[in-house]
Amino acid sequence: MSDDLTITTGTKVEIYQSLLPQIAALLEGEPDLVANLANVAAALKQQFGWWWVGFYLVKNDELVLGPFQGPIACTRIQKGRGVCGTAWQQAKTLIVPDVEKFPGHIACSSFSRSEIVVPIFSKQEVIGVLDVDSEALDFFDAIDAQYLKEIVGLLPM
Ligand code: SME
């Protein structure tokens, strides 16, 4: 593994396509989940500069804050609460163009305006979520959903 991430410019698809193999290489041969989540959060932050990017992990039937990049965040989220808890409960990716319009949104940071949450599966079960926040409204789309799903799918479980 090279120590440096190659930062790309171009379309969002080109950026994700450059990032995917680099993330695969970062994860290669490393079985530790926390180490891998930490490097994925760092790689995404470094490439995209998002406001907040990180992970929550299911522990004793709640989501607990895991590795992340960005401002401090809420540590525990109940199932069905907020965007993260809803994505967990529904076991599906949620794209929220305006967090103020999402009933029950949990405002860890008053700067977050839009959000995407991607569940992480081990076999059929959700074991955590990837959460990304932007200070811009309507920032995430189906391209982010597709590639972020691929990225979490690279995590060795
Ligand atoms: N906004 C999230 C909470 C997590 S933070 O954004 C980091 C939610 O509603 O679940």
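Both ligands and their constituent atoms are indexed starting at 1 by order of listing. Computed over heavy atoms, backbone and side chain alike; hydrogens, waters and symmetry mates excluded.
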Contact summary for [X] and [Y], nearest pair of heavy atoms:
X	Y	value
F139	S134	CG-OG, 3.4 Å
S18	T8	OG-OG1, 2.6 Å
F121	M157	O-CG, 3.9 Å
S114	F140	O-CE1, 3.7 Å

Any N or O of [X] closer than 3.5 Å to N or O of ligand 1:
X	value
I77	no
I106	yes
R81	no
G85	no
E115	yes

With respect to atom 8 (C) of ligand 1, which of L94, V99, V83 exhibits the smallest heavy-atom separation?
->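 The residue whose heavy atom sits nearest atom 8 (C) of ligand 1 is V83.
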[atom1] of [X]: more than 12 outside heavy atoms within 6.0 angstrom?
X	atom1	result
E125	CD	no
K92	NZ	no
E100	CD	no

So is F68 in contact with ligand 1, going by heavy-atom distances below 4.0 Å?
->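 Contact absent.
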Starting from atom 10 (O) of ligand 1, locate the nearest protein heavy atom and write down its residue, its atom name and how far away it is, to 0.1 Å.
->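 Answer for atom 10 (O) of ligand 1: C84 N, 2.8 Å.
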Contact atoms of ligand 1, heavy-atom distance to W52 under 4.0 Å =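 Selected atoms, number and element: 7 (C).
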With heavy atoms of D131 as the reference, note each atom of ligand 1 found under 4.0 Å away.
->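 Reading through ligand 1 atom by atom, the close ones are 4 (C), 5 (S), 6 (O), 7 (C).
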Does C108 approach ligand 1 within less than 4.0 angstrom via side chain, backbone, both or neither, non-hydrogen atoms only?
->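 For C108, only side-chain atoms sit under 4.0 Å from ligand 1.
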